[in-house]
Protein chains: 2
Amino acid sequence: MASQTSPTAARTTRPSADSTRDRILAAAVDLFSERSFEGATTREIAARAGVTQPLLNYHFRSKEHLWHAAVEDIFGELTQALSARIEGLRGVDELSVAKLIVREFIYFSAAHPQLHRIIMQECKVDGARMDWLVDRHIRPIYEQTVSLFTRLVERGDIPDVPATHIYYVITGAGATMFVLAPECRRLAGFDPLEHQAVEVHADVVTTLLFGS
Amino acid sequence: MASQTSPTAARTTRPSADSTRDRILAAAVDLFSERSFEGATTREIAARAGVTQPLLNYHFRSKEHLWHAAVEDIFGELTQALSARIEGLRGVDELSVAKLIVREFIYFSAAHPQLHRIIMQECKVDGARMDWLVDRHIRPIYEQTVSLFTRLVERGDIPDVPATHIYYVITGAGATMFVLAPECRRLAGFDPLEHQAVEVHADVVTTLLFGS
DNA sequence: AAGTTATCTGATCATACGATCAGATAACTG
DNA sequence: CAGTTATCTGATCGTATGATCAGATAACTT
């Protein structure tokens with residue numbers, strides 16, 4: 001029997017190394033982010049993973065399930081990275097925590113452009129996948145961020161800026177830039193990542209947000 | 001014989017009203033922007049235009065040609081709108097022209113979110129359509145904008161900001177916001193267009209760019 | 001070793017999709 | 001009006017794609 005997982009269920013039941021399945025997931029993350037759901041074919045994903053196409057339907061009920069698992073995978077990594085960062089900052093004041101979390105997010109975005117690319121590719125009108133993505137992954141992070149920044153504003157630690165603006169700066173200026181690097185190169189022959197290290201970019205965003 | 005047009009040829013040979021063809025083009029612009037090239041089917045486009053599917057292949061050689069014609073259409077409207085604005089400003093100083101052109105661009109973006117949506121949907125890795133789109137439409141506008149702003153900077157009319165930053169503010173903050181309104185609503189139950197008139201948003205961007 | 005389950009493949013199916021074509025209808029021309 | 005061209009449709013084709021299935025192979029259990 002295939003190890004069927006529901007689209008929303010995190011992959012935690014079998015912790016052992018399942019390298020073939022993982023390779024398929026990695027290939028799916030890559031191709032879905034590069035070409036969107038409709039633009040990526042299961043054969044292409046299989047080829048990149050070095051397996052045959054029917055194997056995808058063995059490990060995942062359908063292409064749609066595979067997409068959900070892939071998104072679960074990449075967003076799980078993000079959540080884990082952020083949690084680990086917070087965990088390592090017990091006792092530190094919330095302002096410093098916020099600064100370091102934003103940095104962590106930018107670093108992750110630079111290292112995993114697939115994450116923002118997938119979001120971008122799913123920005124379709126009346127898209128069910130986008131609804132799921134927002135509900136399950138984006139909103140939780142968004143609300144945590146907003147509540148953290150709201151506390152900092154109330155405490156007078158940072159200037160009072162609308163929460164949506166904060167989020168816009170972080171995700172937009174802070175992360176999407178890395179994703180749009182290829183388009184930037186296409187347009188102006190200029191790649192932001194070549195001229196500016198991630199750390200420098202993180203500095204800019206931090207200054208923008210925290211005014212320091 | 002079908003009125004075949006090459007993908008890059010502007011539709012200027014037959015100026016008379018061709019309402020069916022125009023309805024197909026409008027439907028194509030809508031659906032390509034809502035669902036991307038691969039996500040939109042020719043049958044769906046035909047249905048929205050109120051015609052049968054084979055008619056698309058009569059007016060356009062292929063789905064790819066239809067996409068090019070649709071992009072040609074919407075970007076042609078933009079170019080025309082900007083040109084008309086410039087035409088009506090003969091003799092006006094370049095700083096005022098720049099301000100009004102930026103406004104015009106934001107108004108157009110708000111009225112035609114399909115334009116930025118199409119760009120967004122074609123942000124794929126190694127996408128031939130994106131290459132064409134940048135070469136034929138985006139770069140010309142980009143270079144014109146940059147050269148205009150460069151002159152203003154040299155003249156000391158506006159603060160010295162890197163050209164790419166200028167373009168980023170205009171297109172990013174200025175226009176993409178309207179396109180991402182559905183996602184904004186999805187995420188935070190907040191639609192920027194409901195809370196903020198286009199004029200107000202244009203004010204914000206203008207202030208950001210021209211510091212006045 | 002034998003039995004059992006998990007993993008993987010080749011062959012194939014059903015369908016959705018873009019394209020084609022013969023022919024109908026409408027519009028235009030002389 | 002007759003002839004011609006432009007416009008449009010129903011039927012159909014070829015193919016790409018996601019899914020299925022029987023069976024092979026590997027791994028694991030007792």
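Note that the structure is predicted; figures quoted are calculated from it, not measured. To find a chain, count down the sequence lines: A is the first, B the second, and so on, and within it residues start at 1.
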When you check every protein heavy atom under 4.0 Å of nucleotides 14-27 of chain D, what one-letter string (B, S, -) results, 5' to 3'? ---BBBBB------
Look at atom CD of Q144(B) and say whether more than 12 heavy atoms of other residues, nucleotides or ligands are closer to it than 6.0 Å. no
Let me know the distance between CG of D22(A) and P of dC8(C), rounded to the nearest Å. 11 Å
d(CH2, W67(B); C1', dG18(C)) in whole Å: 18 Å
Heavy-atom donor-acceptor pair, R139(B) side chain to L187(A) backbone, under 3.5 Å: yes
Tell me the side-chain hydrogen bond (donor to acceptor under 3.5 Å, both in side chains) pairs involving residues 76-85 of chain B, sequence neighbours left out? R85(B)-E104(B)
Between R186(A) and D135(B), is the salt bridge (Lys or Arg N to Asp or Glu O under 4.0 Å) condition met? List the steps. CA-CA 8 Å; R186(A) 262 195 261 244; D135(B) 285 346; over 6 Å; no
What's the CD1-P distance between I45(B) and dC17(C), to the nearest Å? 11 Å
Is the shortest side-chain N/O distance from H59(A) to OP1 or OP2 of dA6(C) below 4.0 Å? no
Centroid-centroid under 6.0 Å between F105(B) and H116(B) rings: yes
Pairwise salt bridge (Lys or Arg N to Asp or Glu O under 4.0 Å) hits with a residue in residues 112-122 of chain B, at least two apart: R117(B)-E183(B), E122(B)-R129(B)
Rounded off to whole Å, could you give me the CG-to-C1' distance for the L55(B) and dC17(C) pair? 17 Å
OP1 or OP2 of dC8(D) sitting under 4.0 Å from any side-chain N/O of T20(B)? yes
